[in-house]
Each structure stands twice: as structure tokens, then as C-alpha cells.
Chemist: 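Next up is a structure, given as C-alpha cells.
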Amino acid sequence: MVAHSKHMVFISYHHANDQAYKEALLRLNDAHEIFIDASVDTGDIDDGLDDDAIRQKIRDEYLRDSSVTIVLVGLETKKRKHVDWEIYSSMFDGRVNKQSGVLVINLPSTGCTYYQAAHGDAEKAAIYPENTSWTSITSREEYERRFPCAPARIIDNLLKNGAKVSVTNWNKIDGNPEALQFLLGTTFDDRASCDYDLSRPMRRADS
């Protein structure tokens with residue numbers, strides 16, 4: 001492969017259900033040296049802390065070395081409080097550690113075939129050359145129909161102008177290191193200009 005910059009990536013996912021996909025992603029990375037895995041387990045954080053304390057701990061300790069967060073979305077990901085904490089903290093622009101770019105990958109279990117290219121024509125051409133007709137979505141109901149397993153905070157930011165959160169499907173990156181490299185690169189490049197919606201309170205319990 002052509003030499004490229006490797007970004008520090010945090011992978012957020014539902015450990016009980018989707019560990020196999022995290023491991024498959026790391027195997028792809030091991031074979032092609034696409035990114036540096038900065039993931040750590042946030043499961044030992046005391047959920048008795050207030051939102052600001054949880055966010056600061058994740059942002060400044062667990063996410064401090066990463067600049068892109070991949071959210072692997074399976075059937076029950078949206079119900080997991082730790083995933084919501086990780087997404088929130090990734091989007092938070094702290095004094096010490098700045099906001100990350102966020103890339104969503106729908107797993108096969110979701111049955112999703114829709115996608116969202118938030119980084120412009122270059123992403124559309126590189127990842128979805130077969131699509132010659134793009135639709136703009138403006139309603140929450142339509143996003144929830146297209147991405148029924150997406151965490152609510154992700155939907156918030158698909159609706160937010162300037163948030164620049166792309167959604168792709170596992171089959172686009174499985175065995176395709178160039179596609180994953182491109183998506184991580186453009187997510188990294190646009191991270192500082194993302195205008196995220198963080199108005200939703202942090203999830204306090206799994207459901």
C-alpha cells in the first residue's frame with residue numbers, strides 16, 4: 001500500500017454482541033496498517049458520577065490520544081450507556097483534548113443498506129461511485145427509518161448542519177482497506193470544523 005498518515009482511532013461498540021466485528025476490524029488493520037488502535041474499555045467508570053465528570057474522565061483519560069471515533073452499530077448498540085458516553089465525549093471539544101471526528105459503521109445484523117456521506121463529493125465518488133442520485137434528508141423520522149439501530153445522539157448529529165458524521169455499512173470496508181483508509185482520513189481532516197449537537201443529556205442506564 002501507499003504510505004499514509006495513520007490516525008489514532010477509538011472504537012466504540014457493544015462488547016457483548018459485537019466483539020467479533022471489533023476483532024475483524026483489527027485484523028484488517030493488522031494486515032494493512034490503516035490506523036493506530038487507541039481503544040480502551042470504559043466499562044469501569046462509576047456511573048454515579050455526574051455527566052460533566054464522566055465526560056471529562058472519558059475525554060481526558062480514555063480518548064486523549066485519539067482523533068477519530070468509529071462507532072460500530074449493531075442491533076442493541078443504541079441501548080448502551082457506555083456507547084453514548086463515548087460518542088458524547090468524542091464530540092466534546094475540551095480544553096486539553098479537542099473533539100474527534102466520528103465515523104459510523106452499520107453492522108450486518110442491522111440489515112441497513114442506506115448510508116450518509118457527510119464529507120462531500122470526494123467521499124461520494126470514492127466510496128459510492130455506483131450512486132448517481134443523492135437525497136437530502138431533513139426529518140428525524142426518515143433518519144430513524146433508514147438507521148433504526150443508530151444511537152439517538154448519532155441521529156441528532158445527522159440532522160445537525162455542520163456536524164459531518166458519515167454512516168457507512170460493514171460491506172463497504174470489509175476487505176477494502178482503501179475505503180476504510182479514505183473514510184478515516186476525511187473524518188480526521190474535518191474533525192475540527194464539526195459543529196456537533198450535544199444538547200441531549202447523557203444516557204444514565206442501559207435499556
Side-chain angles (χ1 to χ4, degrees), residues 7-32 34-49 51 54-55 57-59 61-63 66 68-92 100-116 118 127 140 143-158 165-177 179-180 183-184 187 196 200-207:
H7 306 300
M8 299 286 282
V9 173
F10 183 94
I11 302 170
S12 182
Y13 66 106
H14 181 194
H15 292 229
N17 282 14
D18 302 321
Q19 182 68 33
Y21 288 100
K22 160 80 177 297
E23 293 172 359
L25 191 62
L26 293 182
R27 286 195 298 272
L28 180 65
N29 184 52
D30 288 343
H32 299 280
I34 304 164
F35 61 88
I36 299 168
D37 180 25
S39 303
V40 291
D41 187 359
T42 63
D44 60 352
I45 292 177
D46 180 3
D47 58 9
L49 297 171
D51 286 7
I54 292 171
R55 182 266 309 153
K57 190 173 185 67
I58 295 178
R59 177 70 264 180
E61 296 180 26
Y62 293 79
L63 296 174
S66 61
V68 175
T69 293
I70 292 175
V71 183
L72 298 179
V73 174
L75 283 176
E76 298 186 350
T77 307
K78 68 180 181 180
K79 301 177 181 179
R80 311 307 294 177
K81 64 185 178 185
H82 286 96
V83 171
D84 181 58
W85 295 358
E86 290 160 3
I87 296 169
Y88 182 100
S89 301
S90 297
M91 293 177 171
F92 187 85
S100 295
V102 175
L103 171 64
V104 178
I105 301 176
N106 284 314
L107 300 179
S109 58
T110 67
C112 282
T113 57
Y114 291 103
Y115 43 84
Q116 170 98 351
I127 309 299
R140 186 173 202 95
Y143 272 126
E144 290 175 344
R145 185 186 74 81
R146 290 173 177 240
F147 306 122
C149 298
R153 195 176 305 281
I154 293 298
I155 301 291
D156 293 345
N157 282 279
L158 295 178
V165 174
S166 281
V167 182
T168 194
N169 293 301
W170 180 259
N171 66 348
K172 280 294 181 181
I173 60 97
D174 186 26
N176 191 345
L180 180 58
L183 288 167
L184 291 176
T187 301
Y196 292 122
R200 179 179 298 274
M202 292 172 69
R203 176 180 279 274
R204 303 306 303 189
D206 297 330
S207 62

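Only heavy atoms go into these numbers, but all of them, side chains included; no hydrogens, no water, no symmetry mates. Every value quoted in this text rests on a predicted model; they were computed, and no experiment measured them. The residues of the chain are indexed from 1 along the displayed sequence.
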Chemist: Could you point out which residue of Ile105, Leu107, Asp174, Asn106 forms a side chain to side chain contact (heavy atoms under 4.5 Å, CB included) with Asn169?
Modeler: Asn106

Chemist: Indicate the atoms forming the closest heavy-atom contact of Ile127 with Lys172, along with that distance.
Modeler: O-NZ, 3.1 Å

Chemist: May I ask you to establish whether Arg59 and Phe92 are in a cation-pi arrangement, using a distance under 6.0 Å from NZ or CZ to the six-membered ring centre and at most 45° from the ring axis?
Modeler: no

Chemist: Mind checking what makes ring pair (Phe, Tyr, Trp, His ring centres under 6.0 Å) contact with His7, not counting sequence neighbours?
Modeler: Phe188

Chemist: If we only count heavy atoms from C-beta on, is the Asn171 to Pro108 side-chain gap below 4.5 Å?
Modeler: no

Chemist: Measuring from atom CG of Leu75 to atom OG1 of Thr110, what distance do you get when rounded to the nearest 0.5 angstrom?
Modeler: 7.0 Å

Chemist: Ignoring hydrogens and geometry beyond distance, is a side-chain donor-acceptor pair present between Glu86 and Thr42 at under 3.5 Å?
Modeler: yes

Chemist: Side chains of Arg145 and Tyr114: donor-acceptor distance under 3.5 Å anywhere?
Modeler: yes

Chemist: Taking side chain as C-beta onward, heavy atoms only, is Leu25 less than 4.5 Å from Trp170?
Modeler: yes

Chemist: For Gln19 and Tyr13, what are the C-alpha separation, side-chain angles and deciding distance, and is it a side chain to side chain contact (heavy atoms under 4.5 Å, CB included)?
Modeler: CA-CA 8 Å; Gln19 182 68 33; Tyr13 66 106; 2.6 Å; yes

Chemist: Exactly one of Ile36, Asp37, Val68 should register a side chain to side chain contact (heavy atoms under 4.5 Å, CB included) with Met8. Which one does?
Modeler: Ile36

Chemist: What pair of heavy atoms forms the shortest contact from Gly74 to Ser109, and how long is it?
Modeler: CA-OG, 3.8 Å

Chemist: Looking at side-chain heavy atoms only, is the closest gap between Val165 and Leu158 below 4.5 Å?
Modeler: yes

Chemist: Could you check whether any side-chain heavy atom of Ser90 comes within less than 4.5 Å of a side-chain heavy atom of Leu63, counting everything from C-beta outward?
Modeler: yes

Chemist: Looking at residues at least two apart in the chain, or sitting in another chain, which of them share a side-chain hydrogen bond (donor to acceptor under 3.5 Å, both in side chains) with Thr113?
Modeler: none

Chemist: How many angstroms lie between atom NZ of Lys78 and atom CZ of Arg203, to the nearest 0.5 angstrom?
Modeler: 9.0 Å

Chemist: Looking at His14 and Glu76, what are the two nearest heavy atoms and their distance?
Modeler: CE1-OE1, 3.8 Å

Chemist: Run the side chain to side chain contact (heavy atoms under 4.5 Å, CB included) test on His15 and Asp41 for me, step by step, so that the C-alpha distance in whole Å, both residues' side-chain angles and the decisive distance to 0.1 Å come before the verdict.
Modeler: CA-CA 9 Å; His15 292 229; Asp41 187 359; 4.0 Å; yes

Chemist: What residues, two or more places apart in sequence or in another chain, satisfy side chain to side chain contact (heavy atoms under 4.5 Å, CB included) together with Asp47?
Modeler: Lys81, Trp85

Chemist: Looking only at heavy atoms, what is the nearest atom pair of Asp46 and Gly48, with distance?
Modeler: OD1-N, 2.8 Å

Chemist: As a quick check of understanding, evaluate side chain to side chain contact (heavy atoms under 4.5 Å, CB included) for Ile154 and Val73, giving each step before the final call.
Modeler: CA-CA 10 Å; Ile154 293 298; Val73 174; 5.8 Å; no

Chemist: Enter the distance from Asp18:CG to Arg80:CZ here, rounded to the nearest 0.5 Å.
Modeler: 10.5 Å

Chemist: Shortest non-hydrogen contact from Leu184 to Phe35?
Modeler: CD1-CD2, 3.7 Å

Chemist: With a 4.5 Å limit on heavy-atom distance, are the side chains of Arg140 and Asp156 in contact?
Modeler: yes

Chemist: Are Ser39 and Lys22 packed together at the side-chain level, in the sense that at least one heavy-atom pair is separated by less than 4.5 angstrom?
Modeler: yes

Chemist: Leu28 versus Pro177: any side-chain heavy-atom pair under 4.5 Å?
Modeler: yes

Chemist: Would you name the heavy atoms of Tyr21 and Leu72 that are closest together and state the gap between them?
Modeler: C-CD1, 4.1 Å

Chemist: Could you check if a side-chain atom of Phe10 sits within less than 4.5 angstrom of a side-chain atom of Ile58, using non-hydrogen atoms only?
Modeler: no

